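Heavy atoms only: backbone and side chains are in, while hydrogens, waters and symmetry mates are out. What you see is a predicted model, and the numbers here were worked out from it, not measured in a lab. Per chain, numbering begins at 1; letters A, B, ... match sequence-line order.
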Amino acid sequence: MTLVQVKNVTKQYANGEETITPLNEVNLEVHQGDFLSLMGASGSGKSTLLNMIAGIDEVTSGEILVEGTDITKLSRGKLADWRASHVGYIFQTHNLIPVLTAYENVEMPLLLLKMSAAERRKRVEIALEAVNLTDRATHYPRQMSGGQEQRVGIARAIVASPTLVVADEPTGNLDDETTEQILELLQRVNNELGMTLLMVTHDIEASEIAKRQIRLERGKLTERQAGSAKSTVTAA
Amino acid sequence: MFQFLPYLLKGFWGHRARAMLTVSGTAVALFVFCFVSAVQDGLLRLTQDKQAQRTLVVFQENRFCPTSSRLPQDYTKHIAELPSVTEVIPIKVVTNNCRASLDAIVFQGMPAEKLRSSRELNLTAGNWSAFEGADDGALVGQAVANRRNLSVGQKFTINEVTVLVTGIFQSSTTAEENLIYTHLDFLQRARGQNSVGTVTQMEVHLLDDADVDSVAAAIDTHYRGGPVATTTRTKGMFQADTLADLAELIGFIHYLGYACVGLVLALVATTTVMSVQDRIKEHGVLQTIGLRPNRIFRLIVSESTLLSTAGGLLGIGAGLVFLSFTGLAVAAEGVTISFRPSMDLAITGAIVSVVVGVLAGIIPGIQAARTKIVTALRQAG
Ligand SMILES: Nc1ncnc2c1ncn2[C@@H]1O[C@H](COP(=O)(O)OP(=O)(O)O)[C@@H](O)[C@H]1O
Ligand SMILES: [Mg+2]
């Protein structure tokens, strides 16, 4: 099933006299249960594409359909509601709320959805268990290691069972060993919880764990076919 | 909205030094605001009181301080016979300080039965018969009693006048609570007074439909030729005239009240702007999670409102407690303005702090809500 359809999306920035075009008529399809990695040089526009799919950045032109809804046409308020129920975002620097405990951070997205306190509690507990941090529920971000913080960030991203989980260089700030743990966790999120994942990374090894590998170069996407040479991703 | 309350409160706790400074600054400003308003209220009550506009005070012409006004006591007889006059009360006033003072003691001596019929005094200690039974008995207003720490049975001396406290009273007319009532003849005979047969002023009560001005004119015309000429005004006018200098000053200090409001606005707005600037990225994260921009706006306005309301309530509470325990009053020439706490004052103060809190949050709130998410997320911190 097609979950996300990026259609002829262009992003331009006016930078004084010149115009930067990090994304030029880009097309991409993401299917239910996919795990995509997005690679590319620094400044190539990976984050920009990810952010537009996550509904936090605007396209210059083109459409992004998620489950049939063109999210580029939603108002800011509607788009926020849409994110609350459809997107889980994993940041490079976890971005936890420092004054809240791990539990409260994970609970945050659920406060925006209609559900009973008991249901909320159950979901937060399941999410914390999934990232193996049940014993850290009452800890504050400053009391945790970078890897633990990132796991809380992952729990927060998956707690509302979003349609799509996006991660922007989720291991960019971690050491090798912790990176391994996080990647393993992301793989489990995809395999065991069946969530669709889109991950930006500049680390080839990290990209290998994904089912599909996409490259962004000079404003265009190419997908590496399993075991074969590169080929341009074409629109459906 | 309430589900984010823990987040707000923990945010304050996370920056408790800043929150506490803002709250205490607001509290101080509202304390002053409360005080200024109480002073103004006191003046207004004195001059605009209904009763005060229908009661006349006869004073010696061109005299201001009670010590210098000496009217023959037998004026009461003639005045009582004028049409529309229901009662004439001769009053001897003794004060320890004719100039403006925060701790002036004002004695008013009048016949006990007139005191009883013309003033609504609610005795909180002591009793009437003790007062009536003692030549040097005195009924002391609550405010004076608080200020000077007086209790029933105690002797109290000011300016060679020594009285026995036989009762302490409350009154619905707050300025009354700054007076000490004694027997008229006692005060006339008191050491250093030597004024048997003369009084300081007469209070003239009128029928409800009386023409107040023409009665006043009739009294003054009658005594123009002597032996002592009079000036008769409504009690409200009399008090306003007597306190004219003070009133001008008080009229001026209401700017102080506005200044306090401005101060709180600036203070809370500054704190809110700082707090928003500290958390640009955090607000970006909250929006990414799915908080609508207008929810971010409301969170920020709630934050500033909570701070200023907390400070405001503290300041008002402290102000009201202070005013009610000190029984503070300013007196000049025997007339006192009392600063009393009131429900109105508390409500005004509370409204002011809530409104100021909301106003202080609007601009930072709009700023935070308008910031693009990707821009916010790129911020350091
Ligand atoms: N707000 C902006 N204004 C101008 N240029 C921008 C802005 N945001 C991003 N860019 C530019 O767009 C390009 C893509 O940025 P980004 O998506 O962050 O790259 P990546 O994530 O691949 O490193 C970069 O050249 C960057 O400088
Ligand atoms: Mg990037």
Side-chain angles (χ1 to χ4, degrees), chain A residues 11 13 45 47-52 54-59 74-101 103-117 120 140-142 153 156-157 159-160 162 166 168, chain B residues 1-20 271-272 274-300 302-303 306-307 365-381:
Chain A
K11 180 71 174 180
Y13 292 109
S47 297
T48 305
L49 177 60
L50 180 103
N51 288 341
M52 292 190 305
I56 62 170
D57 200 356
E58 292 151 12
V59 301
L74 298 176
S75 67
R76 283 190 75 188
K78 282 267 177 342
L79 196 56
D81 294 347
W82 175 83
R83 283 194 302 270
S85 51
H86 289 83
V87 179
Y89 200 117
I90 301 166
F91 300 91
Q92 174 171 358
T93 50
H94 59 81
N95 281 345
L96 299 177
I97 311 288
V99 297
L100 299 181
T101 61
Y103 185 96
E104 291 162 336
N105 265 288
V106 175
E107 189 184 27
M108 205 60 154
L110 299 183
L111 296 177
L112 297 166
L113 306 175
K114 277 203 175 66
M115 74 178 59
S116 69
R120 207 159 60 219
Y140 287 90
R142 69 188 130 77
R156 178 175 69 182
V159 71
V166 301
D168 193 354
Chain B
M1 201 66 211
F2 288 115
Q3 67 265 44
F4 289 98
L5 195 63
Y7 165 66
L8 275 183
L9 297 180
K10 287 188 133 180
F12 291 140
W13 183 247
H15 292 101
R16 48 196 171 279
R18 183 161 78 194
M20 263 157 58
T271 306
T272 311
M274 279 167 57
S275 136
V276 165
Q277 274 171 358
D278 274 2
R279 290 184 303 167
I280 295 176
K281 190 171 194 177
E282 189 168 310
H283 290 139
V285 172
L286 290 176
Q287 286 203 57
T288 303
I289 287 173
L291 273 81
R292 286 175 162 230
N294 91 51
R295 167 95 73 173
I296 301 283
F297 172 79
R298 273 163 25 216
L299 275 172
I300 289 160
S302 309
E303 186 178 318
L306 276 174
L307 280 179
I366 289 176
Q367 262 177 354
R370 282 215 180 140
T371 307
K372 284 192 170 178
I373 301 176
V374 278
T375 313
L377 290 176
R378 255 199 300 272
Q379 295 282 320

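- Annotation: maximal heavy-atom pairing with chain B below 4.5 Å, among A/Ile97, A/Asn51, A/Thr48, occurs at A/Ile97.
- A donor-acceptor pair is defined here as one N or O able to donate and one able to accept, closer than 3.5 Å; such a pair exists between the side chain of A/Arg83 and the backbone of B/Gln287.
- If you take CG on A/Leu50 and CG on A/Asp168, they are separated by 5.5 Å, rounding to the nearest 0.5 Å.
- Comment: B/Lys10 engages A/Glu104 in a salt bridge, judged by a side-chain N to carboxylate O separation of less than 4.0 angstrom.
- Residue contact with chain B, scored on non-hydrogen atoms closer than 4.5 Å, involves the side chain of A/Leu112 exclusively.
- A/Lys11 has a carboxylate O that lies under 4.0 Å from a charged side-chain N of A/Asp57, or vice versa, which qualifies the two as a salt bridge.
- Neither the backbone nor the side chain of A/Glu107 comes within less than 4.5 Å of any heavy atom of chain B.
- Heavy-atom distances place the backbone of B/Ala369, and not its side chain, under 4.5 Å from chain A.
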